[in-house]
Amino acid sequence: MRLQRVSVVSALGLLALLAKAAPPSLIARASGSCTLATSGSDDASAFMEAAADPSCLTVTIPAGTTLSIQSKLNMTGTSNKRFNVEGTVKFNPDIDYWADNAFSFDFQDQVAFWLLGGKNVILEGGGTLDGSGQAWYDAFAKHSSTIRPILLTIFQAINVTVRNIRMINGPEWINFVNEGQDITFRNVTISAVSTSKNAAKNTDGWDIFRSDNVVIADSTIDNGDDCVSFKPNATNILVSNLSCNGSHGISVGSLGQYAGEYDIVQNVLATNVRMSNAQNGARIKAWAGKGVGAGLVKNITFDGFVESNVDNPVVIDQCYMTSADDCAKYPSNTYIQDVWFTNITGTSSGKEKATVASLSCSPDGRCSNVNVDDINITPPSKYGDAKFSCQNVELTGDAASLFGTCETTS
């Protein structure tokens, strides 16, 4: 790949004028643009070189240019950088290479193509990140142990904005925010759809882990797993104005999976969400059983959801991946407190027949202050009136009467 340094100051006279009219910091910013061109082979090293070069304040991939990324991208420690992706960053589908060389995380055995970290970073431009995921969708259908990289990982970063970007064909998770603070995604379009009989599985739109103050807004997602998932120790999160299709919902968790770990998800607002053709709508999921972890889910609001053809529009599952007997013997140690399901409307798919909301808590007081207001969801007409189920929880709010008296298990 060829790295071209392009100055917006093209004449000595103009440079002199700017020197008189602007402070040195402005001149450095104005002259610090670097443009990348494809090399015909692996473009990863030149991309990383530009990211590491402090004189390249803006790194541009022009429209019509496709960078071929054949080796992993480590852009941690980046500072005061703008990535202007007008063209395409395309990851090579060499499954064997990535199995041996992708960045790895202990959490849920994840791996990644690209680590983007540091401070004061913008990724924008209207271009495309392409994970070439079809190769992995087909391979995973044959071998479920196939390692599938995350498309973009924001890692140990402060004040990062990703906006006006299209993300397609992620092999697995699309965005992973890991140990970030003040991270914003806005006007992102995600598509992870298989072109073969093999589904694009586990293609979460966003997974937020050990991160604080994250905003995800004004975006469209077409995928095959959670639209957004709040993983352990995600705090102060705003999700607003999303259109999610084919997903597993806006999900808190799953939490409390690992023995010896204490997971927290706190202060989350998910509002103005359109959920279509999905497995779940608004969901909280926590593990129970012997030998699992513990945690706290607190101050969570799902507000203004419009759902269409959703299997489980409103869900608390505090016995996630746990049999009823084991959940009774070993209730979840992930406590759920101060939850609001508010202004949720639309239709269920009928997969659960007439049931449109299921709030299933572990016994022994593991859920408290769960509020349900303005819930108007209807099943297909052949199943009759909507049914609402609950267990081991006392509900408040104007929709509490829809659920009746909650079942108590022990």
Side-chain angles (χ1 to χ4, degrees), residues 190-194 197-205 220-229 239 242-254 270-286 302-324 327 339-361 367 370-393 395 397-407 409:
I190 291 173
S191 178
V193 179
S194 177
K197 64 180 181 180
N198 302 313
K201 293 186 176 181
N202 309 118
T203 49
D204 298 14
T220 300
I221 303 93
D222 190 358
N223 68 332
D225 211 296
D226 293 331
C227 191
V228 183
S229 178
V239 170
L242 301 190
S243 292
C244 306
N245 182 64
S247 82
H248 291 185
I250 305 292
S251 297
V252 175
S254 61
T271 184
N272 190 16
V273 174
R274 295 163 298 284
M275 187 72 63
S276 303
N277 309 310
Q279 187 180 99
N280 305 285
R283 175 169 67 155
I284 299 173
K285 49 183 177 176
F302 301 98
D303 172 69
F305 277 52
V306 178
E307 306 194 20
S308 175
N309 192 37
V310 175
D311 295 347
N312 305 282
V314 176
V315 180
I316 291 178
D317 184 357
Q318 210 179 15
C319 298
Y320 182 67
M321 302 294 288
T322 311
S323 70
C327 194
V339 177
W340 284 263
F341 296 98
T342 303
N343 188 22
I344 299 178
T345 64
T347 61
S348 72
S349 68
K351 184 174 182 180
E352 301 300 325
K353 297 185 178 179
T355 300
V356 298
S358 175
L359 305 179
S360 298
C361 295
C367 287
V370 176
N371 304 269
V372 286
D373 293 284
D374 299 323
I375 297 179
N376 184 7
I377 305 167
T378 58
S381 58
K382 66 181 178 180
Y383 295 116
D385 294 337
K387 293 183 179 179
F388 301 78
S389 70
C390 58
Q391 66 179 33
N392 302 313
V393 61
L395 302 175
D398 64 22
S401 60
L402 297 173
F403 290 81
T405 301
C406 297
E407 178 187 3
T409 64

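Keep in mind it's a predicted model, so treat the numbers as computed, not measured.
- In terms of modelled atom types and a separation under 3.5 Å, the side chain of S247 and the main chain of G249 share a donor-acceptor contact.
- Residues R274 and N272 form a side-chain contact, since some pair of their non-hydrogen atoms from C-beta on lies under 4.5 Å apart.
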Run the numbers on C406 and C390 for disulfide bond (SG atoms under 2.5 Å apart), then give the verdict.
CA-CA 5 Å; C406 297; C390 58; 2.0 Å; yes
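- Using modelled atom types, one finds a donor on one side chain and an acceptor on the other under 3.5 Å when comparing N309 with N277.
- Atom-to-atom distance recorded for E307:CD and T347:OG1 is 8.5 Å, nearest 0.5 angstrom.
- Considering every non-hydrogen atom in both P313 and V356, the closest pair reads CD-O, 3.1 Å.
- Across every non-hydrogen atom of G384 and P379, the tightest pair is O-CG, 3.4 Å.
- When each of V315, D226, D317, V314 is checked for a side chain to side chain contact (heavy atoms under 4.5 Å, CB included) with N280, only V315 meets the rule.
- Closest of all the heavy-atom pairs between R283 and H248 is NH2-O, 3.6 Å.
- Put simply, the side chain of N392 gets close to the backbone of T409: a donor and an acceptor are under 3.5 Å apart.
- One finds the CE atom of M321 at 8.5 Å from the OG atom of S254 (value rounded to the nearest 0.5 Å).
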Trace of the side chain to side chain contact (heavy atoms under 4.5 Å, CB included) decision for N312 with S358:
CA-CA 8 Å; N312 305 282; S358 175; 5.9 Å; no
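- Here the straight-line distance linking atom CD of Q279 with atom OG of S251 works out to 8.5 Å at 0.5 Å rounding.
- Taken to the nearest 0.5 Å, the OG1 atom of T203 stands 11.5 Å off from the CD1 atom of I221.
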Starting from the C-alpha separation in whole Å, work towards a yes-or-no answer on side chain to side chain donor-acceptor pair (under 3.5 Å) for N343 and D303.
CA-CA 6 Å; N343 188 22; D303 172 69; 4.7 Å; no
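- In this structure, K351 NZ and Y383 OH are separated by 11.5 Å, a value rounded to the nearest 0.5 Å.
- Heavy atoms only, all atoms of each residue included: P380 and S348 are closest at CD-O, 3.6 Å.
- Side-chain contact check for V372 versus L359: some heavy-atom pair is nearer than 4.5 Å.
- Between F305 and I250 there is a side-chain heavy-atom pair separated by less than 4.5 Å.
- Annotation: the span from T342 atom OG1 to D398 atom CG amounts to 8.5 Å, rounded to 0.5 Å.
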Set out, in order, the CA-CA distance, both residues' side-chain angles and the distance that settles side chain to side chain donor-acceptor pair (under 3.5 Å) for S349 and D311, then state yes or no.
CA-CA 5 Å; S349 68; D311 295 347; 2.5 Å; yes
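- Screening I316, D373, N371 for a side chain to side chain contact (heavy atoms under 4.5 Å, CB included) involving F341 leaves a single residue, I316.
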